[in-house]
Trainee: 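Below is one structure. I have some questions about it.
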Number of protein chains: 2
Amino acid sequence: MYGRQKIKFLLSQLEAAGRRSTPQRHAVCQALVEHGGHPTVADVFERVRAIFPMISQATVYNTIDTLQELGLIQQLDIANHEHTHYDLDLRPHINIVCTRCGIITDLYTESLHILLTQVSQHSSYRIDPHSSLLVYGLCPACQRVTEWDRVD
Amino acid sequence: MYGRQKIKFLLSQLEAAGRRSTPQRHAVCQALVEHGGHPTVADVFERVRAIFPMISQATVYNTIDTLQELGLIQQLDIANHEHTHYDLDLRPHINIVCTRCGIITDLYTESLHILLTQVSQHSSYRIDPHSSLLVYGLCPACQRVTEWDRVD
DNA sequence: CTTGCTGCAAAAGATTTGCACGTGC
DNA sequence: GCACGTGCAAATCTTTTGCAGCAAG
């Protein structure tokens, strides 16, 4: 599901949950969807202000909190990142985070499913099937940079 | 490595890196080790004050930051937790977090190694071999509670 | 005597909250 | 009319920073 469809989906889910679909919320959903990646509240706020110059940060926070409560977006707390990121892709996947530049790349692999199954079997927790994972590493560009730095 | 040994190890690693081993830092390392689980700065600060009533929060933050820079402890940013947690166990493992009560349980499973290998192969990132993962779910106790709540 | 560490207080900065006003149902 | 949503500003709270004094090598 992409673009306009996804926006409508989010708003219809809000209404299905008894919440209201307001112009501000439409703008927030639009900004979330159009960002494409893993936006922060600040990213969304900046985009939304292009449409709604008067919107308040609190509204953006409220809307995002509501979307998260309904399980429509997923919160990503990334080590050493100032802002909390959000992920619109609810399919289980791996978010690889560069520990140097912070760029986030998605990866879909069968071994995630295997791992979650193992975790379910070996622990007494009921694992969230939407679980996405964070894995940290160095992206290709930063690998090159750190090689230049290396003095050995 | 446990207890006193681990404390000495941390301090010796500090010195090996050209940092100083001070009584305050000893107390911070001791608090980290004796906590046993996944302490936050607040947890450590509270424990350290029992030994060093005059210690400042800044010192605790500084020490923990230094230990992290040297790769001696690992930072865990857990969604919806106010404080940042730290993990003294550097072996790759999975931290299962209860989304309701916040309790964290460690799990060691071979499939983590498989997953990290896959991620290394399928992405161009250089994955941190110490990578520990966060997985979210409901712990046994909270599973029971949420069943009582269920109205269905 | 130079560098790093500590303690204190203030600052910074992200997120939350209280409240009054508006709006949809 | 009522419940919900919005905007604004202030509050909250964690973490960082500047700086002066101190200690270690």
Trainee: Along DNA chain C, 5' to 3', what are the outermost nucleotides having an atom less than 4.0 Å from a heavy atom of chain A?
Mentor: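 Contact span on the strand: C:dA14 to C:dG24.
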
Trainee: Near B:K8 NZ, under 6.0 Å, is it more than 12 heavy atoms from other residues, nucleotides or ligands?
Mentor: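 It does not: B:K8 NZ has 12 such atoms or fewer within range.
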
Trainee: Say you draw a straight line from OG1 of A:T63 to CD1 of A:I73; how long is it, rounded to the nearest 0.5 Å?
Mentor: 9.5 Å

Trainee: For DNA chain C, which residues of residues 10-26 of chain B approach it to below 4.0 angstrom with any heavy atom?
Mentor: B:R19, B:R20, B:T22, B:Q24, B:R25

Trainee: Which pairs with one or both residues in residues 15-32 of chain B pass salt bridge (charged side-chain N to carboxylate O under 4.0 Å, His left out), sequence neighbours excluded?
Mentor: B:R19-B:E69

Trainee: Could you tabulate the donor-acceptor pairs under 3.5 Å formed by side-chain atoms of residues 48-59 of chain B, not counting sequence neighbours?
Mentor:
from	atom 1	to	atom 2	distance (Å)
B:S56	OG	B:A58	N	3.0
B:S56	OG	B:T59	N	3.4

Trainee: If you fit an axis to the five pairs at each end of the helix from C:dC1-D:dG25 to C:dC25-D:dG1, how big is the angle between those two axes, to 10 degrees?
Mentor: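 End-to-end axis angle for the helix from C:dC1-D:dG25 to C:dC25-D:dG1: 30°, rounded to 10°.
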
Trainee: Give me each pair satisfying salt bridge (charged side-chain N to carboxylate O under 4.0 Å, His left out) with a member in residues 72-87 of chain A, each pair once, sequence neighbours excluded.
Mentor: none

Trainee: Take the protein atom CG of B:D43 and the nucleotide atom P of D:dT14, then report the distance between them rounded to whole Å.
Mentor: 12 Å

Trainee: For A:H38, check ring-ring contact (aromatic ring centres under 6.0 Å, His included) against everything at least two apart and list the hits.
Mentor: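 In terms of ring-ring contact (aromatic ring centres under 6.0 Å, His included), with neighbours along the sequence ignored, A:H38 is linked to no residue.
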
Trainee: Partners of A:T22 by side chain to side chain donor-acceptor pair (under 3.5 Å), sequence neighbours excluded?
Mentor: none

Trainee: Is there a residue in residues 50-69 of chain A whose heavy atoms reach under 4.0 Å of DNA chain C, and which residues are they?
Mentor: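 Hits under 4.0 Å, by residue number: A:Q57, A:A58, A:Y61, A:D65.
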
Trainee: Using every non-hydrogen atom in the two residues, find where A:P39 and A:V44 come nearest and quote the distance to one decimal.
Mentor: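 For A:P39 versus A:V44, the nearest heavy atoms are CB-CG2, 4.1 Å.
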
Trainee: Who passes side chain to side chain donor-acceptor pair (under 3.5 Å) against B:H81, sequence neighbours left out?
Mentor: B:H85

Trainee: If you look at every heavy atom in A:Y136 and A:T99, which pair is closest and at what distance?
Mentor: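 Heavy atoms only, the tightest pair is CB-CG2, 3.6 Å.
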
Trainee: State which residues pass side chain to side chain donor-acceptor pair (under 3.5 Å) with B:Q68; sequence neighbours excluded, sorted by chain then number.
Mentor: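 Only B:Q75 meet the side chain to side chain donor-acceptor pair (under 3.5 Å) criterion with B:Q68.
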
Trainee: Between A:L138 and A:Q143, which heavy-atom pair has the shortest distance, and what is it?
Mentor: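 Distance-wise, the nearest heavy atoms are O-NE2, 2.9 Å.
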
Trainee: Enumerate the ring-ring contact (aromatic ring centres under 6.0 Å, His included) contacts for residues 93-128 of chain B, please, sequence neighbours excluded, ordered by first and then second residue.
Mentor: B:H93-B:Y108

Trainee: Return the value, rounded to whole Å, for the distance between atom CD of A:E82 and atom P of D:dT14.
Mentor: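 Value for this atom pair: 17 Å.
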
